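Structure first, then comments.
Sequence lines set the chain letters: A, B, ... in the order given, protein chains first and strands last, and positions in each chain run from 1. Remember, predicted model here, so these are calculated numbers, not experimental data.
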There are 2 protein chains.
Amino acid sequence: MLLSKSCMYGLRASVQLAGMKGNTYVTIRELSEDLDISFFFLTKVLQRLTQAEILESYKGPNGGVRLLKHPGEVTFLDVVTAIDGSCTLSECALGLPGCGVMKPCPLHDQWSILKENILEMMQNVTIAELARRNSGKQGLDGFMYYLKI
Amino acid sequence: MLLSKSCMYGLRASVQLAGMKGNTYVTIRELSEDLDISFFFLTKVLQRLTQAEILESYKGPNGGVRLLKHPGEVTFLDVVTAIDGSCTLSECALGLPGCGVMKPCPLHDQWSILKENILEMMQNVTIAELARRNSGKQGLDGFMYYLKI
DNA sequence: ACATTTTAAGACACACTACTCTTAATTCTA
DNA sequence: TAGAATTAAGAGTAGTGTGTCTTAAAATGT
């Protein structure tokens, strides 16, 4: 699995928010139902995005979470890093402590290229772009399309 | 992390065996010391490779493990699959249950290409090739080069 | 002020990976 | 046959990710 479940959930929520008109507060309860994620667990994940200043939250009636930045300025990697910490992709495929440019392990060069491609994808794709690709799916809003059979 | 530690350990042991002259039994104790892996843990990992008929084992004095097949016929992916089960790379990056060719998620196409590249690397690289790349490192046998500072 | 709504924070349980150790089974050698 | 060497199998421990719940804190409205 490339990403942890926490990351997947955080990404889905971010893209969902990015795809909504206006930037009003949306309750985590509503997000959890739309995305088919446990409310309690999603709350924990979104707390990390709030701490990372990708989201902002507001308590009380009419509260919830919303994007703090423009969705075109939040990359896939931003969300992953906020949740999982610095990307764990940067290690040696064989787990050799000394592996690096100076001492490349037998897989180093190949794996470096693959890592670079993945990182590039994560850095170049914004949640705005993902939301755009996710719009207008047979009349179902956002991710409902994938989840409702 | 692309691979589990078990996989990394299994790969390192397989490549180490592939890089040895002759195909005599090598004790797991010796492998564990050469590769800086816990003996007990490596034993568990290599049991899976033995069950998968990548290695064969022999008990008693002068026993140990050795490659069952020709190292040129054992791929990186063979070892990973034997240890971790079928590659977990084949899922949707966002964990959407309905994602696929018919219902591509907003990352599906990009992630498919990256997955394919990784899988291709795993299928095309044999442990013989890895052992070859790993030979003749400043006079240190195999992985010792990376581990001894 | 008080009740309601909502997120924040902390505690808890479960599963899985990583790791350790003990005992059993097998094989060799003397 | 006895003892030593070696893998196999199983039990047990620790840490982490996932998931659940309870309580606290903040904001609203009456």
remark   = With B for base contact, S for sugar-phosphate-only contact and - for none (protein heavy atoms under 4.0 Å), nucleotides 22-30 of chain C reads B--BBBBS-
ask   = Rounded to the Å, how far apart are A:L42 CG and C:dT6 P?
value = 15 Å
message = Checking side-chain polar atoms at under 3.5 Å, does A:D78 have a donor or acceptor matched by the opposite partner on A:T75?
response = yes
Residue pairs fulfilling salt bridge (Lys or Arg N to Asp or Glu O under 4.0 Å) with at least one residue in residues 19-32 of chain B, sequence neighbours excluded = none
ask   = Taking the side chain as C-beta and beyond, is there a heavy-atom pair between A:C99 and A:L94 under 4.5 Å?
value = no
task = Go through the structure and list residues passing side chain to side chain donor-acceptor pair (under 3.5 Å) with B:S4, not counting sequence neighbours.
result = B:D84
ask   = Quick one: does B:P106's side chain get under 4.5 Å of A:Y146's, heavy atoms only?
value = yes
inquiry  = Could you work out, with side-chain contact (heavy atoms from CB on, under 4.5 Å) as the rule, every residue matching A:A18, not counting sequence neighbours?
reply    = A:L67, A:P71, A:I127, A:A131
remark   = With a 4.0 Å cut-off (strictly under) to non-hydrogen atoms of chain B, the first and last hit nts on DNA chain D, 5' to 3', are D:dA5 to D:dG10
key: Phosphate OP1/OP2 of C:dA8: any A:S57 side-chain N/O under 4.0 Å   = yes
query = When you measure from the side chain of A:W111 to the backbone N and O of A:E91, does any donor-acceptor pair fall under 3.5 Å?
reply = yes
request  = Under the side-chain contact (heavy atoms from CB on, under 4.5 Å) rule, collect the residues that match up with B:D36, sequence neighbours excluded.
outcome  = B:L147
ask   = Which residue pairs pass the ring-ring contact (aromatic ring centres under 6.0 Å, His included) test with at least one member in residues 32-55 of chain B, sequence neighbours excluded?
value = B:Y9-B:F41
note = Numerically ordered, the residues 43-53 of chain A set in heavy-atom contact under 4.0 Å with DNA chain C is A:K44, A:Q47, A:T50, A:Q51
ask   = Residues two or more places apart in sequence or in another chain: which of them pass side-chain contact (heavy atoms from CB on, under 4.5 Å) with A:N117?
value = A:I113, B:L114, B:N117
Donor-acceptor pairs under 3.5 angstrom involving side-chain atoms of residues 119-126 of chain A: please list them, not counting sequence neighbours.
{"unit_1": "A:N124", "atom_1": "ND2", "unit_2": "A:E120", "atom_2": "O", "d": "3.3"}
{"unit_1": "A:T126", "atom_1": "OG1", "unit_2": "A:A128", "atom_2": "N", "d": "3.4"}
{"unit_1": "A:T126", "atom_1": "OG1", "unit_2": "A:E129", "atom_2": "N", "d": "3.1"}

What pairs of donor and acceptor atoms, side-chain ones from residues 56-66 of chain B against any protein atom, are under 3.5 angstrom apart with sequence neighbours left out?
{"unit_1": "B:E56", "atom_1": "OE2", "unit_2": "B:R66", "atom_2": "NE", "d": "2.8"}
{"unit_1": "B:E56", "atom_1": "OE2", "unit_2": "B:R66", "atom_2": "NH2", "d": "3.1"}

Atom pairs under 3.5 Å: protein N/O with N/O of nucleotides 16-18 of chain C:
{"unit_1": "C:dA18", "atom_1": "OP1", "unit_2": "B:K5", "atom_2": "N", "d": "2.8"}
{"unit_1": "C:dA18", "atom_1": "OP2", "unit_2": "B:S6", "atom_2": "OG", "d": "3.1"}

